[in-house]
Amino acid sequence: MTYGVGMMLDAGLVLMSDTRTNAGVDNVSVFRKMFHWSVPGERIITVLTAGNLGTTQAVVSQIEERTKAPGERHPSILTAPTMFQVATEIGTLLRDVIAKARAGGMEGEEGEVFSASMIVAGQIAGMEPSLFRIYPEGNFIEASFDTPFFQIGETKYGRPILVRGYDRAMPFEEAVKLLLVSFDSTLAANLSVGLPFDLMVIARDGFTPLHHRRIKAGDPYFASISTGWSEALRQAFKALPAYDMAAV
């Protein structure tokens, strides 16, 4: 399992993903789950992955192969005219990889071993920034004012933070802080999610990452967020009115 979030703001896009992959408590590894491709001044595309590692790596490898020589390998996300078509291409790749694995009899008893999902985010010059959530079947939905962020992987623990704290007009710095609180809550509740975290900020009409870094264990800012959030929750809980059993 993993945890990834893509968030749309007035100022652009903010994305974060963990890197933990596990096949049991004694087999935990670190694998990158955030990938991006860009043509400076023309487009930037970022993909977050969750689910079976072999499935997601197969999809990313095919995207990479098609972008290395776009004149010879079509379709390519670097030549697609719209982000909608980019999402369509990646959704088709994901669906085909899963279908091929299942046709080869490589799935497990529950039939979901090779399942995966993705977030696709980016912007093409002359168009608005876009954010999509792609399902294992290859279909997808696009972010809107009603649904301005997407989560993949282990979503339930970090979602309440995003729902309560999100503001489309917030600056990038506040959005990163909000995501870190969401990730901290998920990390505390689920051992399948863990550091390092990959972070990317994409400014509107920027077409290259405005900010891109890996947040590792021991990072002082994340440590301050984790400690501060825990203390703030305790203080807020204590400040709530006490339940009066005698009044019932």
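One is the number of the first residue; the rest follow in order along the sequence. Keep in mind that this is a model prediction, so the values were computed, not measured. For the numbers below, each heavy atom of this structure counts, side chains included, while hydrogens, waters and symmetry mates do not.
Checked by atom type and distance alone, the side chain of R43 pairs as donor or acceptor with a backbone atom of A80 at under 3.5 Å. The main-chain N or O of G194 is found under 3.5 Å from a side-chain atom of D18 such that the two form a donor-acceptor pair. Between the side chain of T19 and the main chain of P196, a donor-acceptor pair closer than 3.5 Å is present. Proximity of a side-chain donor or acceptor of S182 to a complementary backbone N or O of G158 within less than 3.5 Å is detected. Under the 3.5 Å distance criterion, the side-chain polar atoms of T55 are matched with a main-chain donor or acceptor of F114. Of the possible donor and acceptor atoms, none in the side chain of S226 sits under 3.5 Å from a partner among the backbone N and O of A223.
Partners of F149 by ring-ring contact (aromatic ring centres under 6.0 Å, His included), not counting sequence neighbours, listed by chain and number: Y166. For S192, the side-chain hydrogen bond (donor to acceptor under 3.5 Å, both in side chains) criterion is met by N190, not counting sequence neighbours. With sequence neighbours left out, the side chain to side chain contact (heavy atoms under 4.5 Å, CB included) criterion links P160 to no other residue. In this structure H212 satisfies the ring-ring contact (aromatic ring centres under 6.0 Å, His included) test together with H36, sequence neighbours excluded.
Results of the side chain to side chain donor-acceptor pair (under 3.5 Å) test with Y3 over R20, Q151, E154 single out Q151 as the only residue that passes.
A203 and Q123 make their closest contact through O-OE1, 4.3 Å (heavy atoms, listed as atom of the first residue, atom of the second, distance). Residue A50 comes nearest to G153 through the heavy atom pair CB-N, 3.9 Å, listed as atom of the first residue, atom of the second, then distance. The two residues A125 and G41 have their closest heavy-atom pair at CB-O, 4.0 Å. Across all non-hydrogen atoms, the minimal contact from S76 to E89 is C-OE1, 3.4 Å. Nearest heavy atoms, T2 versus G51: CG2-N, 4.4 Å.
Side-chain atoms of K33 and T56, non-hydrogen and from C-beta on, never get closer than 4.5 Å to each other. I98 has its side chain within reach of L94: a pair of non-hydrogen atoms, C-beta onward, lies under 4.5 Å apart. Under the 4.5 Å side-chain criterion, counting only non-hydrogen atoms from C-beta, H211 is not in contact with V176. Taking the side chain as every heavy atom from C-beta outward, L199 and V14 approach each other to under 4.5 Å. Contact of the I45 side chain with the M83 side chain is registered, since non-hydrogen atoms from C-beta on lie closer than 4.5 Å. With contacts defined as side-chain heavy-atom distances shorter than 4.5 Å, the pair I215/L180 qualifies. Between D96 and Q62, the closest side-chain pair of non-hydrogen atoms is not below 4.5 Å. Annotation: side chain of V193 is not in contact with side chain of Y157 (no heavy-atom distance under 4.5 Å).
D10 CG to R204 CZ: the interatomic distance, rounded to the nearest 0.5 Å, is 7.0 Å. Residue T88 holds its OG1 atom at 10.5 Å from CG of N139, rounded to the nearest 0.5 Å. To the nearest 0.5 angstrom, N52 atom CG is 9.0 Å from Q57 atom CD. Note that NZ of K216 and CG of D198 are 10.0 Å apart. Values are rounded to the nearest 0.5 Å. Between D219 atom CG and R213 atom CZ the span is 4.5 Å, to the nearest 0.5 Å. Atoms CG and CG, from L9 and D167 in turn, are 8.5 Å apart once rounded to the nearest 0.5 Å.
Between F197 and F222, the distance from one ring center to the other falls under 6.0 angstrom.
Hydrophobic clustering (side-chain heavy atoms under 4.5 Å, transitive across Ile, Leu, Val, Met, Phe, Trp, Tyr) keeps V47 apart from L53. Cluster membership check: I77 does not share its hydrophobic cluster with F207, using side-chain heavy-atom separations under 4.5 Å among Ile, Leu, Val, Met, Phe, Trp and Tyr. Note: the hydrophobic cluster containing V60 does not contain M16 (ILVMFWY, side chain heavy atoms under 4.5 Å, direct or indirect links). Residues M127 and F140 share a hydrophobic cluster, clusters being chains of Ile/Leu/Val/Met/Phe/Trp/Tyr side chains in contact below 4.5 Å. Each of L191 and L195 belongs to its own hydrophobic cluster when Ile, Leu, Val, Met, Phe, Trp and Tyr are linked at side-chain heavy-atom distances under 4.5 angstrom.
Ring orientation note: the planes of F132 and F84 are nearly perpendicular, at an angle over 60° on the 30°/60° scale.
Figure legend: cation-pi geometry between R168 and F145, with NZ or CZ positioned under 6.0 Å from the six-membered ring centre and within 45° of its axis.
Atom CZ of R159 has 12 or fewer heavy atoms from other residues, nucleotides or ligands within 6.0 Å.
The hydrophobic cluster containing L131, built from Ile/Leu/Val/Met/Phe/Trp/Tyr side-chain heavy atoms closer than 4.5 Å, also comprises M8, L13, L15, M34, I44, L48, I119, Y135, I141, F150, I152, M200, I202.
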Notebook entry, point to check: Taking it one step at a time, do M7 and F172 satisfy side-chain contact (heavy atoms from CB on, under 4.5 Å)?
Noted result: CA-CA 10 Å; M7 181 180 294; F172 287 132; over 6 Å; no

Output a table of donor-acceptor pairs, distance under 3.5 Å, between side-chain atoms of residues 236-248 and any protein atom two or more places apart or on a different chain; print 'none' if there are none.
{"from": "D244", "atom 1": "OD1", "to": "A246", "atom 2": "N", "distance (Å)": "3.1"}

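The pair E64-R66 does not count as a salt bridge, with every side-chain nitrogen at least 4.0 angstrom from each carboxylate oxygen.
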